[in-house]
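Small disclaimer: the values here were computed from a predicted structure and weren't measured. Worth knowing before you read on, the calculation uses all heavy atoms, side chains too, and leaves out hydrogens, waters and symmetry mates.
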Amino acid sequence: MMKRISFTLILLNLLMILSAANLELAPYNGASGINIANPNYKNEGTIWKNPANGAPIADGYNNTEMLGVGGIYNINTLNNKTDLEEPIIVTVTCPYGFYLVSQSNPNYKRPFRIVMGQGQRRNDTNNYEYEADIIFEEGRPQQQDVNLRTEEDAAAVFSMNTLLSGDYQVGFWFNIVLDLPGEIDPVTNVLTYNNYSYPLVEADDYTALVTITLLWKGEERSVTIPFSGYYNGVPSDYDANEGLASLYVDPYASAAHLSIERDRGTWVPVAKLDFLLQQSTGYKNPLIFLSSSSNPADPSPGEFKLVHQNVTYDTPLTNTNSIGFEGRIRTIKGSSTPVRSFDGTMNIINVDANNSINPSEDKAYESGNTMEHGAPQTFYTYSGEIDVMLDAGSNVMIDGIYTGTMYVHVVAEVGAS
């Protein structure tokens, strides 16, 4: 029996050596605080030019315009070139299409594209720059192959045939870049793209939720990126991307169709929540909580309540014209906190790791390879659902519509380490 166990362990170690190539994927900061009118996001066919994280640039793209970076490293070509013939299967999904949509008024939306292209490939002695584009947008396939090798195959994108003369450990990376197509008329606030017109409204709640997945030789990496953007209608205002984190809340139809008679005392899912923060922004250890106040620093927010539509500011609240409720956040992915409940009274003063949701800290490029954007990346991600439960009881309430509001807040510590 002992010999069998020892043999199994040796075999597993051997398999690990043979599978040394690693697939990597990490988000960047380009999805937060997007000025959706900025014309400098025209990134098809351009290359990375400026490492500064300032405003988007007109003749290329910089880190501000990057959504992520991916690649494969430590591909061992010694006596075996077959790994270079394996494509990366790239899948990009957006549940409501490739649009930034105003959450307060979903009739207003702005198309976007995701461009995967320019990057670098390397062997032990040489660097090679390449320029290529694979585009994901509405009307194109959500899943496409990225080919690593080409000799006579003109359809292949990322050519590595120049590396095949020697037996080296090779690798490559590619940038994932935001592209905002179309032209905006500053007088009418209408964007035109592909013969379609998209009216825009001044708002700071344009959002989208994008999931990018890489699959190579059975190994998979995936990241979900909440987008946030704004439109202010000032054509000359191309402010730098100042977003620090992305928070996306997708309300369900049930949020507007609660029934006091049917739903009292029962948890009802009302929204999905997704969050992303890179530690490179200078913030760490984020906490997520629900409150009845739009101001996270409100010293005394009230408890959650649904209030009858006819109640005015001076109408006393009773158990016939209002009903309390509780909110909770349930983790789907990205936290060791499975569930946390809130009564509306939480604020930034009393929030801590024991009474809020703690997003997970994820790392990519931990191997510390030296391929430019291969520096270690640390980011926090979270995906969960929001539920509400109306107070139980049998009291008769006034007929009509009842409304209430929950606010999702995120706080974080200052400090990148």
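A distance-only check finds no donor-acceptor pair linking the side chain of Asn38 to the backbone of Tyr41 [under 3.5 Å]. Judged purely by atom type and a 3.5 angstrom limit, Asp298 has no side-chain atom pairing as donor or acceptor with the backbone of Asn295. The main-chain N or O of Pro181 is found under 3.5 Å from a side-chain atom of Arg110 such that the two form a donor-acceptor pair. A donor-acceptor contact shorter than 3.5 Å links the side chain of His409 to the backbone of Ser293. At distances below 3.5 Å, at least one donor-acceptor pair connects side-chain atoms of Ser360 with backbone N or O atoms of Gly334. Counting only distance, with no hydrogens or angles, the side chain of Asn29 and the backbone of Ser32 share no donor-acceptor pair below 3.5 Å. Between the side chain of Glu137 and the backbone N or O of Val115 there is no donor-acceptor pair closer than 3.5 Å. Between the side chain of Asp274 and the main chain of Val210, no donor-acceptor pair closer than 3.5 Å is present. Side-chain atoms of Ser341 do not come within 3.5 Å of backbone N or O of Arg328 as any donor-acceptor pair.
Asp185 is not listed as a side-chain neighbour of Thr192, based on a closest heavy-atom distance of 4.5 Å or more. Within the 4.5 Å cutoff, no side-chain heavy atoms of Leu214 are placed close to those of Ile89. Side-chain contact between Val414 and Tyr283: present, with at least one pair of heavy atoms (C-beta onward) separated by less than 4.5 Å. When side chains are defined from C-beta on, Tyr382 does not count as touching Leu276, because their heavy atoms never get closer than 4.5 Å. Between Tyr230 and Asn35, the closest side-chain pair of non-hydrogen atoms falls below 4.5 Å.
Atoms CD and CZ, from Glu138 and Arg113 in turn, are 13.0 Å apart once rounded to the nearest 0.5 Å. Put simply, CD1 on Ile212 and OG on Ser222 are 8.5 Å apart, with the number rounded to the nearest 0.5 Å. Atom OH of Tyr407 and atom CZ of Phe304 lie 10.5 Å apart (nearest 0.5 Å). Distance CD1/Ile329 to CD1/Ile386: 5.5 Å, rounded to 0.5 Å. Atoms CG and CD, on Leu180 and Glu65 in that order, are 9.0 Å from each other to the nearest 0.5 Å. Note that CD1 of Ile134 and CG of Asp145 are 8.5 Å apart. Values are rounded to the nearest 0.5 Å.
Side chains of Tyr380 and Gln279: a donor on one and an acceptor on the other come within 3.5 Å. No side-chain N or O of Ser335 forms a donor-acceptor pair with one of Asn358 less than 3.5 Å apart. For the 3.5 Å distance criterion, the side chains of Thr211 and Thr224 qualify, holding a donor opposite an acceptor. Donor-acceptor pairing under 3.5 Å is recorded for the side chains of Thr91 and Gln143. For the 3.5 Å distance criterion, the side chains of Thr337 and Thr331 fail to qualify, holding no donor opposite an acceptor.
Of all heavy-atom pairs spanning Trp216 and Pro87, the tightest one is CD1-O, 3.4 Å. For Ala55 against Asn62, the heavy-atom pair with the smallest separation is O-ND2, 3.0 Å. Taking all atoms of both residues into account, the shortest heavy-atom contact from Ala58 to Asn40 is CB-OD1, 3.4 Å. Pro299 and Ile349 make their closest contact through CA-CD1, 4.3 Å (heavy atoms, listed as atom of the first residue, atom of the second, distance). Closest approach of Ala31 and Ile225 over heavy atoms only: CB-CG2, 3.4 Å. What you find for Leu191 and Leu200 is that their closest heavy atoms are CB-CD1, 4.4 Å.
Residue pairs satisfying the ring pair (Phe, Tyr, Trp, His ring centres under 6.0 Å) criterion with at least one member in residues 87-113, sequence neighbours excluded, are listed as follows: Phe98-Phe112, Phe112-Phe227.
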Derivation of the side chain to side chain contact (heavy atoms under 4.5 Å, CB included) call for Tyr28 and Gln278: CA-CA 7 Å; Tyr28 261 59; Gln278 276 199 277; 4.1 Å; yes

Walk me through it: do Asp343 and Thr345 pass the test side chain to side chain donor-acceptor pair (under 3.5 Å)? CA-CA 6 Å; Asp343 64 1; Thr345 62; 2.7 Å; yes

Leu390/Leu306 under side chain to side chain contact (heavy atoms under 4.5 Å, CB included): CA gap, chis, key distance, verdict: CA-CA 9 Å; Leu390 305 180; Leu306 292 176; 3.5 Å; yes

Stepwise, does the side chain to side chain donor-acceptor pair (under 3.5 Å) test hold for Asn189 with Tyr231? CA-CA 10 Å; Asn189 292 320; Tyr231 179 65; 2.5 Å; yes

When you look at Lys272 and Ser383, which way does the side chain to side chain donor-acceptor pair (under 3.5 Å) test go after all the steps? CA-CA 8 Å; Lys272 186 172 182 292; Ser383 180; 3.1 Å; yes

Evaluate the salt bridge (charged side-chain N to carboxylate O under 4.0 Å, His left out) criterion for residues Asp391 and Arg264: first the C-alpha distance (whole Å), next the side-chain angles of each, then the deciding distance (0.1 Å), finally the verdict. CA-CA 6 Å; Asp391 292 348; Arg264 293 183 78 157; over 6 Å; no

For the pair Met66 and Ile176, evaluate side chain to side chain contact (heavy atoms under 4.5 Å, CB included) and give the outcome as yes or no after the intermediate values. CA-CA 6 Å; Met66 284 180 53; Ile176 304 169; over 6 Å; no

Working for side chain to side chain contact (heavy atoms under 4.5 Å, CB included), residues Val408 and Leu273: CA-CA 9 Å; Val408 182; Leu273 183 156; 3.5 Å; yes

Determine whether Arg221 and Glu219 satisfy the following criterion, salt bridge (charged side-chain N to carboxylate O under 4.0 Å, His left out), listing intermediate values before the conclusion. CA-CA 7 Å; Arg221 294 289 183 272; Glu219 188 175 358; 2.9 Å; yes

Go through it in stages, so that I can follow the logic: the residues are Ser102 and Ser104, the test is side chain to side chain donor-acceptor pair (under 3.5 Å), and I'd like the CA-CA distance, side-chain angles, deciding distance and then a yes or no. CA-CA 5 Å; Ser102 170; Ser104 58; 3.2 Å; yes

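The existence of a salt bridge linking Lys42 and Asp179 is excluded, since no basic side-chain nitrogen approaches an acidic carboxylate oxygen closer than 4.0 Å. Under 4.0 Å is where a charged nitrogen must lie from a carboxylate oxygen, and between Asp59 and Lys49 at least one such pair does.
Residues forming a ring-ring contact (aromatic ring centres under 6.0 Å, His included) with Tyr193 (at least two apart in sequence, or on another chain): none.
The neighbour count for Gln309 CD, taken as heavy atoms of other residues, nucleotides or ligands under 6.0 Å away, is above 12.
Checked against Pro359 for a side chain to side chain contact (heavy atoms under 4.5 Å, CB included), the options Thr381, Ile288, Val410 give a single hit: Ile288.
Ring pair Tyr198/Tyr196 is tilted by interplanar angle, where 30° to 60° counts as tilted.
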Side-chain donor-acceptor pairs under 3.5 Å in residues 252-260, sequence neighbours left out?
residue: Tyr252; atom: OH; partner: Glu385; partner atom: OE2; Å: 2.5
residue: Ser254; atom: OG; partner: Pro269; partner atom: O; Å: 2.5
residue: His257; atom: ND1; partner: Ala253; partner atom: O; Å: 2.8
residue: Ser259; atom: OG; partner: Glu261; partner atom: OE1; Å: 3.4
residue: Ser259; atom: OG; partner: Arg262; partner atom: N; Å: 3.2

